[in-house]
> 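This is the structure I have questions about; it appears just below.
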Amino acid sequence: MVDATNFIQCFIQHNQNGPSGLDTMPRSRKSQIALEATPFYHCTSRCVRRAFLCGRDEYSGNDYEHRRGWIEQRMKALASVYALDICAYAVMSDHYHIVLHINAEKANAWSDTEVIQHWHTLYAGNFLSHEYLAGKDLYDAQLKVVSELVTEWRERLMSIGWFMRALNEDIARQANAEDCCTGRFWETRFKSQALLDAKALATCIAYVDLNPIRAQMAETPETSEFTSVKERIATAQSTPKSSEPHQPKALFPFVGYARQDMPAGLLFRLQDYLELVDWTGRHIRNDKRGIIAEPMPPILERLNIDADHWIYNTQHFESQFKSLVGTVQSIKTKFQQFGYQRTPGLGLADLLA
């Protein structure tokens with residue numbers, strides 16, 4: 001994981017280069033992910049082939065809909081191994097979105113044995129790691145090697161880059177075997193956006209959950225297949241009326257607003273978020289412009305987000321914002337925290353104000 005100072009420096013360069021104010025050269029994932037800046041990231045991977053990743057290819061007539069299930073199952077399986085939480089996801093025809101939370105507290109709480117067990121779930125490890133788990137007596141030099149491995153693997157187990165690699169490589173192998181071909185299945189790199197504050201996080205999660213509605217693949221959030229919002233709604237609907245709505249175990253939970261001794265999770269109420277997504281989805285489908293007549297959900301008032309800006313951002317999040325997303329104040333705070341005087345790229349941040 002990159003040092004946060006380098007993360008901010010890369011963002012400055014990203015906004016200074018190129019005729020349009022954006023760097024035209026690709027940047028490494030390490031330069032876009034820094035836990036000190038934020039633990040929340042929006043990632044996207046897109047298929048490079050003409051044929052669909054999922055769904056029906058009208059040219060060949062082949063149906064790849066089942067691959068959406070591959071991706072959903074794989075990302076959940078990986079989340080149970082990595083110290084990463086899934087906040088939102090949507091699997092589309094030729095790409096997918098996922099919002100991840102780096103859970104450093106969980107990773108650092110793992111014992112050396114637990115780190116090795118998690119790593120061995122996906123990777124072979126080596127002779128010494130297997131000997132260590134088997135309880136064999138090791139020399140001091142061997143124990144030092146194991147300790148170094150554990151430190152490296154602990155970092156990797158909370159790395160978004162390693163998570164995305166494990167996800168994409170597995171799907172590519174399955175798809176290549178099914179298509180009886182070889183070669184690249186995904187674009188070279190996944191795209192990543194750092195979400196600096198609650199406004200950016202809420203906007204991004206809603207943007208991801210509403211992808212099928214914008215693409216006219218679904219009429220309502222509860223019918224949008226292979227999305228986190230459908231899973232959250234289905235789980236909540238299965239809860240007895242007298243109880244607090246249940247939440248999917250595979251997803252990072254909504255835990256309400258900040259308070260003492262609160263559990264780890266998203267700092268919104270589930271009911272508020274589902275109401276917000278439903279309201280937003282209706283406006284996106286109706287393609288309304290200008291002043292929104294309906295009363296806006298209370299969550300927008302609490303987050304102090306303009307309703308018109310909200311509707312626009314949940315339709316154009318990726319095209320509007322680049323690698324660093326947040327309000328003007330959030331971006332300025334991060335730049336000041338790491339000693340930079342100039343804060344480029346603030347124009348679009350006004351849309352989250």
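No experiment lies behind these values; they were computed from the predicted model shown.
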> What orientation do F252 and H101 show, parallel under 30°, tilted 30 to 60°, or perpendicular over 60°?
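Taking H101 first and then F252, their aromatic rings lie parallel (interplane angle under 30°).
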> Under the side-chain contact (heavy atoms from CB on, under 4.5 Å) rule, collect the residues that match up with K249, sequence neighbours excluded.
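With neighbours one apart ignored, the set is empty.
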> For side chain to side chain contact (heavy atoms under 4.5 Å, CB included), just list the numbers for L195 and V99, CA-CA rounded to whole Å, side-chain angles, deciding distance to a tenth of an Å, and then say yes or no.
CA-CA 9 Å; L195 309 173; V99 179; 4.0 Å; yes
> Among residues at least two apart in sequence or on other chains, which ones pass salt bridge (charged side-chain N to carboxylate O under 4.0 Å, His left out) with E178?
R67
> Scan for salt bridge (Lys or Arg N to Asp or Glu O under 4.0 Å) pairs involving residues 96-106, sequence neighbours excluded, and state none if there are none.
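Residue pairs passing salt bridge (Lys or Arg N to Asp or Glu O under 4.0 Å), neighbours aside: D85-K106.
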> Just to verify, what does N168 make a side-chain hydrogen bond (donor to acceptor under 3.5 Å, both in side chains) with, not counting sequence neighbours?
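In terms of side-chain hydrogen bond (donor to acceptor under 3.5 Å, both in side chains), with neighbours along the sequence ignored, N168 is linked to S45, Y96.
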> For the pair K230 and E225, find out whether any cationic side-chain nitrogen is under 4.0 Å from an anionic carboxylate oxygen.
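So K230 pairs with E225 through a salt bridge.
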> Test of understanding: with side-chain contact (heavy atoms from CB on, under 4.5 Å), list the residues that count as partners of N108, not counting sequence neighbours.
A104, R154, M158
> Using the test salt bridge (charged side-chain N to carboxylate O under 4.0 Å, His left out), find all partners of R214 that sit at least two apart in sequence or belong to another chain.
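So R214 forms no salt bridge (charged side-chain N to carboxylate O under 4.0 Å, His left out) with any residue.
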> Starting from the C-alpha separation in whole Å, work towards a yes-or-no answer on salt bridge (Lys or Arg N to Asp or Glu O under 4.0 Å) for K144 and D140.
CA-CA 6 Å; K144 181 180 179 181; D140 289 345; over 6 Å; no
> Classify the side-chain pair T280/W310 by whether it contains a donor and acceptor separated by less than 3.5 Å.
yes
> With sequence neighbours excluded, what pairs up with T235 under the side-chain hydrogen bond (donor to acceptor under 3.5 Å, both in side chains) test?
none
> Under the side-chain hydrogen bond (donor to acceptor under 3.5 Å, both in side chains) test, which residues partner T113, sequence neighbours left out?
none
> Taking side-chain contact (heavy atoms from CB on, under 4.5 Å) as the test, write out the residues that go with T151, two or more places apart.
none
> Can you say whether the rings of H66 and W70 are parallel (under 30°), tilted (30 to 60°) or perpendicular (over 60°)?
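Answer is perpendicular, since the angle exceeds 60°.
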> Tell me the ring pair (Phe, Tyr, Trp, His ring centres under 6.0 Å) pairs involving residues 208-246, sequence neighbours left out?
none
> Applying side-chain contact (heavy atoms from CB on, under 4.5 Å), can you list everything that pairs with R165, at least two apart in sequence or on another chain?
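Counting only residues at least two positions away or on another chain, R165 forms a side-chain contact (heavy atoms from CB on, under 4.5 Å) with W162, E169.
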> Please enumerate all residues that pass side-chain hydrogen bond (donor to acceptor under 3.5 Å, both in side chains) together with E231, with sequence neighbours excluded.
K76, Y89
> State whether the side chain of E114 and the backbone N or O of S111 hold a donor-acceptor pair below 3.5 Å, judged by distance alone.
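Yes.
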> Going by an N to O cut-off under 4.0 Å, is there a salt bridge joining R156 and E152?
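Yes, R156 and E152 are salt-bridged.
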> Hey, do the aromatic rings of F163 and Y82 have their centres closer than 6.0 Å?
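Yes.
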